[in-house]
Amino acid sequence: MGGDRKVGKLVEGARSGNVAAYQSIYEQFGARIFNFLFRLLGSREEAEDLMQQTFLIALKQIGTLRDAEQLESWIFRIARNEVYQRFRKKKVESLDDKALETDARQFEEPRLGANPERMLLNIELGEVIQRVLRGLPVKLREVFVLAVIQNMSYQEITKIVGRSLLSVKTDIYRARKHAREELRKYLSRQSDLGSRAEQR
Amino acid sequence: MRRHISDEDLSAWVDRELPSAEFSRVEQHLKSCDRCRMLERELALMTQAFRSAERLSLPPAVWPRIESALQASFPGEQVKRRFDWLRWPQFAISARNLAFAMVILALLGGLVTVFEYRMLRQNEIAAIVEIDRAHTELVAYSPTEYNPFRFSIGKSFESNPFAQKGLMDNANPFRPLLGNR
């Protein structure tokens, strides 16, 4: 309740053009939005770029926000739209799963360099996560990031992605299944590399 | 043969998103089913691994860029800075408003005072007129008997301010009515 009142005051301040209120909104929600963007895009630079774009749009259009309590999911929605626009700009013709999957796989493929075995063995958890996420179609990636990494409720996710609760639940399950297969592939590849290294 | 929990429900269970009735059913089932328990454990561990991934902190370079872009898109007065309320023009406007309010208050006060004085004066005149009317009526009723001070003349001469020596004839407004008394 207190938090809602605080957000309400921030929105009120931002509507009257108060830059301190703008900054407080950015500081309060920025980190979560930034992590969401980073996990969807897989690139820090691009996430920073879209972060700026997202907050500029949000702060300029804050007068159109009807319910101050929905501020966070509203900003998430703007961020999500920006991501989709970015993908469209990258010559993705349609947003169906197949096309996005292809795009996701082309997106920032890791450069394995001269010694791929050694590099793969040295991949840390963060990188594994990014690899798994890159393997997911965007439609599944976004709900997976929101539910599993950002720990958001399914109800909140429906507001952001604009799909039904049932569809969100199914997509999260499909994303989990996909992620589990990707992880298994990665782990078996890693154990193969380990045993090959031992044989030498 | 009993049915296993669907993978979809297990996924929602890991996120604590099942309705309470479903939640109890899954909880009971997991106590007795190794296959579902293993799958649930695997999903929970994977979720935990993803949640433990490093959270990036806010990039310091972004806010200044947003702020300058906001300033550029709202030229001039629309973007208010943190201590703008202390700035001179705004404060000067407040002082002017204060002076204006004080002048209005002084005018209102003056009007009220004049009105009250006039009301008092009117009441005073009305009272004098009433006394005069009563006096005229009494004199007309009994020109020889009417004397408001007569009761004190008989008892104590001193109590009648108009009966004092030297004042009786000149200062008593009712004297002409007293006749030879």
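Just so we're on the same page: letters track the sequence lines, and every chain starts at 1. These numbers were taken from a predicted model, which means no experiment stands behind them.
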Drop me the distance from A/Q23's CD to A/Q28's CD, to the nearest 0.5 angstrom.
13.0 Å
Those residues that, when tested against A/Y173, pass ring pair (Phe, Tyr, Trp, His ring centres under 6.0 Å) (two or more places apart):
none
Between A/I172, A/L56, A/N151, who has the most heavy-atom pairs with chain B when the cutoff is under 4.5 Å?
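Most pairs with chain B among the choices: A/N151.
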Hydrophobic cluster identity match, A/V161 and A/L41, side-chain contacts under 4.5 Å
yes
When you measure from the side chain of B/R37 to the backbone N and O of B/K31, does any donor-acceptor pair fall under 3.5 Å?
yes
Please classify the contact of [X] with chain B as side chain, backbone, both or neither, using a heavy-atom distance under 4.5 Å.
X	answer
A/L183	side chain
A/F34	side chain
A/A179	both
A/N35	side chain
A/V132	side chain
A/F38	side chain

Pick one of side chain, backbone, both or neither for [X], based on which atoms fall under 4.5 Å of a heavy atom in chain A.
X	result
B/E17	side chain
B/E42	side chain
B/T47	both

Side chains of A/K159 and A/W74: does their closest heavy-atom pair fall under 4.5 Å?
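Result no, sub-4.5 Å side-chain heavy-atom pair not found.
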Do A/Q150 and A/R39 have side chains that approach each other closer than 4.5 Å (heavy atoms only, starting at C-beta)?
no
side-chain contact (heavy atoms from CB on, under 4.5 Å) between B/L39 and B/R35, worked out:
CA-CA 6 Å; B/L39 188 58; B/R35 181 248 175 215; 4.1 Å; yes
